[in-house]
Protein chains: 2
Amino acid sequence: MSTTRGARQPTIKEVATLAGVSPMTVSRTLAGGVNVRPDLQARVMAAVRELGYYRNENARSLRPGQPSGLIGVAITNLANPYYGNFALGVEEVAAEHGRRIILGNTGEDAGRERQLVSDFIGRQVDGLILVPTSGEAAHLQPERLGDVPLVLASRRVPGLDVDTVLLDDVGGAYRGTIGLLDAGHTRIGFLGNRSSVFTGERRYRGYEQAMTERGAPVDPSIIARDQQDVDAASRAARAMLDHPEPPTAIFSANNRNTIGALREIGRRIRDGLPGPRPAVVSFDDFELSELMPVPVTIIDHDARLLGREAATLLFARLEGTAESKPNTVELPVTIEHP
Amino acid sequence: MSTTRGARQPTIKEVATLAGVSPMTVSRTLAGGVNVRPDLQARVMAAVRELGYYRNENARSLRPGQPSGLIGVAITNLANPYYGNFALGVEEVAAEHGRRIILGNTGEDAGRERQLVSDFIGRQVDGLILVPTSGEAAHLQPERLGDVPLVLASRRVPGLDVDTVLLDDVGGAYRGTIGLLDAGHTRIGFLGNRSSVFTGERRYRGYEQAMTERGAPVDPSIIARDQQDVDAASRAARAMLDHPEPPTAIFSANNRNTIGALREIGRRIRDGLPGPRPAVVSFDDFELSELMPVPVTIIDHDARLLGREAATLLFARLEGTAESKPNTVELPVTIEHP
DNA sequence: CCAATCGTTGGTAACGTTACCAACCGACAG
DNA sequence: CTGTCGGTTGGTAACGTTACCAACGATTGG
């Protein structure tokens, strides 16, 4: 035998019967009560409370023109605090506009992304916010999305001209690298994503630009661009520091690579291994960076704000206040010296 | 002039017309195609592709007995990586069961929680997973939820007997404290949540239990239980270390307090201030804890697994395979010495 | 005193979908 | 040749809601 559960959700009809009015009067009351006699409103509200009635939002959004009140959000990795903050920013702005978010995690899998987008559209979302994976993007073309507006965050998709929020990846990486060069470093290693990842490519470009501008050699043997997780980053850092001519500083293009590099550097210090104690510049913040055994410069940014901006762009589109041409917002980053 | 957008979503009727069949044949085809001639199925699928048709899940779930495929999830703070991982675990299991999650952030606000739960029910969620706030819980009583099953995570709600997943807070705090006592510490400070927070209370109990069992004095002047954020935790740690008889070790009941305490300890070390360099035991993991200037013991647990377990309980309930009595799962924690 | 107007209320239809039933077809057994 | 049966197809109604229109009573102006 199953557990005793409460009854199924009551309908507007039952509320109407209990209140002794028609369903229309209930509907009007719940919609704000314009042109409904106060005493009837009171009876309706009493019936609503007594039955524990909730309006069926799905049935509601069935009527043409009615928004569903849902925003579909697909991100690549919710376990990364960066994306947790991003999702929080989106959720906040959505809530301010009386919307909820449906959240999906793609895990950098284009197939899963496609599946999520289909499902979101099937659920009649009012809009989509996506941190796109690197796969092909046929399923994101406007004609496939119907009239559902899309905002991209953090990354762009080739051949897709839509509202986008980005970080100043190039500028941040450039300025971070310049900081190292100013401090006298000339041999600077690079740890980052594979170049097919949009941010990886942009951050590398900033690094490269600073290096060549200052005439510092860009040496492929201390450039590692294929690490997505901490362990791979640790290994790459190890190889770099075991290089016959090791770098005196390391530029890390993201949080995962920073943690991996510092883990390796910390290990060498603890074990008393010889070799350089490289300065580190990290794109992405992490907590207690000021307590690291080597100086760490942070290229900081606000993921939550990024989420808020993405949602703000989306609602501008939904409310028709956006320019007709796709908008791109590029958020500044700040450099925090140790 | 607004942007040119694609047409609105096509309906099953339009697909049917294009394929030259009835809507029913389209519906049957999309439902798996039992008893539909293969050539008609092919025509239907071609029309679906041509029009970019997606089934309207909201209209679908309108029919009685049909699940909406949505799980409502409300957590207290998405910015905390702990809850990001939790949400990821829930999302994974939900996806394995063909469900999506609607996510809301309560920010420890009972009113917001109530609002979110109403909205979730209005959207006909198949189930609810909640990290409850500390407020009163009338809105969570079964009769208010209708037939929507509820799973609590991380915390219990007084007077609410439902499926729950918890950590072994008491045992973890006890073992962590015992570790400090074994290492010779007797004067151990406590940093944690206010006692009205369920986990704060349980972790304090584990600490207290270990202290009294070993005859160590529980001194209220080095017990601070009212910090929710890093800055408050830093201030509490500062007061504790400025105490005329400062603790030689600190037990921190959560991530936020740990970061705050270490920030203060690091500051004192950098500034060369005198006084103890307390060992730290932290309930909740954080990255690079092994690189801290004082030894940090981690009471570790798997937030993602907690999320998975919560979702697993919920689906057991939904599929009727759960025992009729509410279930409680208490996940173990591990102690990681520095 | 009647007509027009306004506030209030309810009936009907429609949103997109699918369960149910009826109808049709061909094949095959008697 | 007829009856039955299984596979296939379509029509109808209903899910819960609200826009629209019709109807009603009361008030007001002429």
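Letters A, B, ... mirror the listed sequences (proteins, then strands); counts begin at 1.
- With sequence neighbours left out, the side chain to side chain donor-acceptor pair (under 3.5 Å) criterion links A/Ser154 to no other residue.
- DNA chain C is contacted by A/Asn35, A/Val36, A/Arg37, A/Leu40, A/Leu62, A/Arg63 of residues 30-63 of chain A, taking any non-hydrogen atom closer than 4.0 Å.
- In this structure, B/Leu116 CG and B/Asp109 CG are separated by 9.5 Å, a value rounded to the nearest 0.5 Å.
- Every side chain to side chain donor-acceptor pair (under 3.5 Å) that B/Glu108 has, sequence neighbours left out, goes to B/Arg155.
- To the nearest 0.5 Å, atom CG of residue B/Leu103 and atom CG of residue A/Leu88 are 9.0 Å apart.
- Formation of a donor-acceptor pair under 3.5 Å by the B/Gln9 side chain with backbone atoms of A/Leu145 is found in this model.
- With sequence neighbours excluded, the residues forming a side chain to side chain contact (heavy atoms under 4.5 Å, CB included) with A/Arg60 are A/Arg55, A/Glu57, listed by chain and number.
- Contacts of B/Asp119 classified as side chain to side chain donor-acceptor pair (under 3.5 Å), with partners at least two apart in sequence or in another chain: A/Arg100, B/Arg123.
- A/Gln41 places a side-chain N or O within 3.5 Å of a backbone atom of A/Val36 that can act as its donor or acceptor partner.
- DNA chain D is contacted by B/Val21, B/Ser22, B/Met24, B/Thr25 of residues 13-27 of chain B, taking any non-hydrogen atom closer than 4.0 Å.
- For residues 13-34 of chain B, no residue pair satisfies the ring pair (Phe, Tyr, Trp, His ring centres under 6.0 Å) rule, not counting sequence neighbours.
- One axis for each end of the helix from C/dC1-D/dG30 to C/dG30-D/dC1, each built from five base pairs, and the angle between them comes to 50° at 10° resolution.
- For A/Phe315, the ring-ring contact (aromatic ring centres under 6.0 Å, His included) criterion is met by A/His97, not counting sequence neighbours.
- Among residue pairs with one or both ends in residues 44-82 of chain B, those qualifying as ring pair (Phe, Tyr, Trp, His ring centres under 6.0 Å) are B/Tyr82-B/His301; sequence neighbours excluded.
- For residues 42-51 of chain A, no residue pair satisfies the side-chain hydrogen bond (donor to acceptor under 3.5 Å, both in side chains) rule, not counting sequence neighbours.
- Mapping heavy-atom proximity under 4.0 Å, the span of DNA chain C touched by chain A runs 5' to 3' from C/dT8 to C/dG16.
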